J.: 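Let me give you the structure first, and then I'll get to my questions.
All values derive from a computational prediction rather than experimental measurement. These values consider heavy atoms only, across backbone and side chains, with no hydrogens, waters or symmetry-generated copies.
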Amino acid sequence: MRHDAHVFSNGHHWLSGRVLLLMAITALPLTLAACSQSNTSASDAKPDQSDAITTQTVQEAKITNQEVRKAEVAPIMTPVTTQSTLLKNVSATVYKDPNCGCCKDWVSYAEGHGVDANTQHPKDLSLFKERYGVPQNMRACHTTVTTDGYVFEGHVPAKHMAQFLASPPSDAIGLAVPGMPVGSPGMKNGDKFTPYQVMQINKDGSTEVYAAIESVQQQL
């Protein structure tokens with residue numbers, strides 16, 4: 001009886017050992033699979049930082065290249081100084097001969113600087129020059145009279161017209177450029193230029209120098 005119990009005990013230990021070994025072998029693939037999934041999840045959750053840095057660097061490089069190309073293509077916006085609005089609020093009547101080419105050129109010049117010009121061609125220009133008080137020695141080919149009564153005789157530069165109208169001398173009726181100086185507005189002849197004076201015409205018939213023009217640049 002004691003022998004049988006010993007045999008049973010040994011058999012029980014042997015069987016238990018086999019069962020435990022079998023369980024360990026069966027659990028091993030599951031453990032390995034779980035570890036594999038854990039590593040894969042960790043890899044997916046934390047991407048390689050070097051790849052992210054590389055992608056960001058490439059994107060920044062693309063943006064920089066685009067900005068450079070835009071800078072190369074975009075025109076340089078340089079402020080442009082223009083005189084086209086010097087006389088934008090000025091309306092005037094220009095009395096001239098219908099066949100006078102330089103008078104027509106001066107009218108175009110004045111309109112280019114903003115003057116609203118109404119051109120008339122009277123049979124006798126001298127009558128209008130006398131009417132508006134232009135002295136004989138100040139007369140030129142055309143007479144311009146603004147709506148507020150100021151007189152500009154001949155090829156007066158827009159620059160000086162604007163200066164006069166901005167602050168008219170109390171004793172003056174206008175300005176004059178006697179004759180037809182070569183190189184004055186409306187009298188362009190290549191590179192030729194003759195110095196001239198812009199004269200101030202006073203109410204009492206007297207005149208005085210308003211501006212001395214020694215070069216083309218001084219009348220611009």
J.: Pair up each side-chain donor or acceptor in residues 200-207 with any protein partner under 3.5 Å, not counting sequence neighbours, and list the distances.
T.:
| unit_1 | atom_1 | unit_2 | atom_2 | d |
| --- | --- | --- | --- | --- |
| Gln200 | NE2 | Asn202 | OD1 | 2.8 |
| Asn202 | ND2 | Ser206 | OG | 3.0 |
| Asn202 | ND2 | Glu208 | OE2 | 3.2 |
| Lys203 | NZ | Ser170 | O | 3.0 |
| Asp204 | OD1 | Ser206 | N | 3.0 |
| Asp204 | OD1 | Ser206 | OG | 2.6 |

J.: Identify all side-chain donor-acceptor contacts of residues 138-155 below 3.5 Å with residues at least two apart in sequence or on another chain.
T.:
| unit_1 | atom_1 | unit_2 | atom_2 | d |
| --- | --- | --- | --- | --- |
| Arg139 | NE | Val134 | O | 3.2 |
| Arg139 | NH1 | Gln136 | OE1 | 3.2 |
| Arg139 | NH2 | Val134 | O | 3.3 |
| His142 | NE2 | Gly154 | O | 3.0 |
| Thr143 | OG1 | Lys129 | NZ | 2.7 |
| Thr143 | OG1 | Glu153 | OE1 | 2.5 |
| Thr146 | OG1 | Asp148 | OD1 | 2.3 |
| Thr146 | OG1 | Tyr150 | N | 3.1 |
| Thr146 | OG1 | Tyr150 | O | 3.4 |
| Glu153 | OE2 | Lys129 | NZ | 2.6 |
| Glu153 | OE2 | Ala140 | N | 2.7 |
| His155 | ND1 | Pro185 | O | 2.6 |

J.: Are any non-hydrogen side-chain atoms of Lys159 and Leu220 less than 4.5 angstrom apart?
T.: no
J.: So which atom in Phe164 and which in Pro169 form the shortest heavy-atom distance, rounded to 0.1 Å?
T.: CE1-CD, 3.4 Å
J.: Can you name the closest pair of heavy atoms from Asn137 and Pro178 and give their distance?
T.: O-CB, 3.8 Å
J.: Is there a continuous path of hydrophobic side-chain contacts, each under 4.5 Å between heavy atoms, that joins Ile173 to Val156?
T.: no
J.: Does Leu127 reach the side chain of Pro122, with side-chain heavy atoms less than 4.5 Å apart?
T.: no
J.: Under a 3.5 Å threshold, yes or no: a donor from one side chain and an acceptor from the other, between Tyr196 and Gln219?
T.: yes
J.: Looking only at heavy atoms, which two atoms of His160 and Leu175 are closest? And how far apart?
T.: O-CD1, 3.6 Å
J.: I want to check something: taking the side chain as every heavy atom from C-beta on, are Tyr210 and Met199 in contact at a cut-off of under 4.5 Å?
T.: no
J.: Do the ring planes of Phe128 and Tyr132 sit parallel (below 30°), tilted (30 to 60°) or perpendicular (above 60°)?
T.: parallel
J.: Test question: given the 4.5 Å side-chain rule for I, L, V, M, F, W and Y, name all other residues clustered with Met180, or answer none.
T.: Met187
J.: If every non-hydrogen atom of Ala212 is compared with every non-hydrogen atom of Gln218, which pair is closest and at what distance?
T.: O-OE1, 3.2 Å
J.: Compare every heavy atom of Glu214 with every heavy atom of Pro195, then report the nearest pair and how far apart it is.
T.: CB-OE1, 3.7 Å
J.: Hydrophobic clusters here meaning ILVMFWY residues chained together by side-chain heavy-atom distances under 4.5 Å, can you tell me if Leu86 and Trp106 are in one?
T.: yes
J.: Under a 4.5 Å cut-off applied to non-hydrogen side-chain atoms, are Gln197 and Ile213 in contact?
T.: no
J.: Would Tyr109 end up clustered with Val182 when hydrophobic side chains under 4.5 Å apart are linked, directly or stepwise?
T.: no
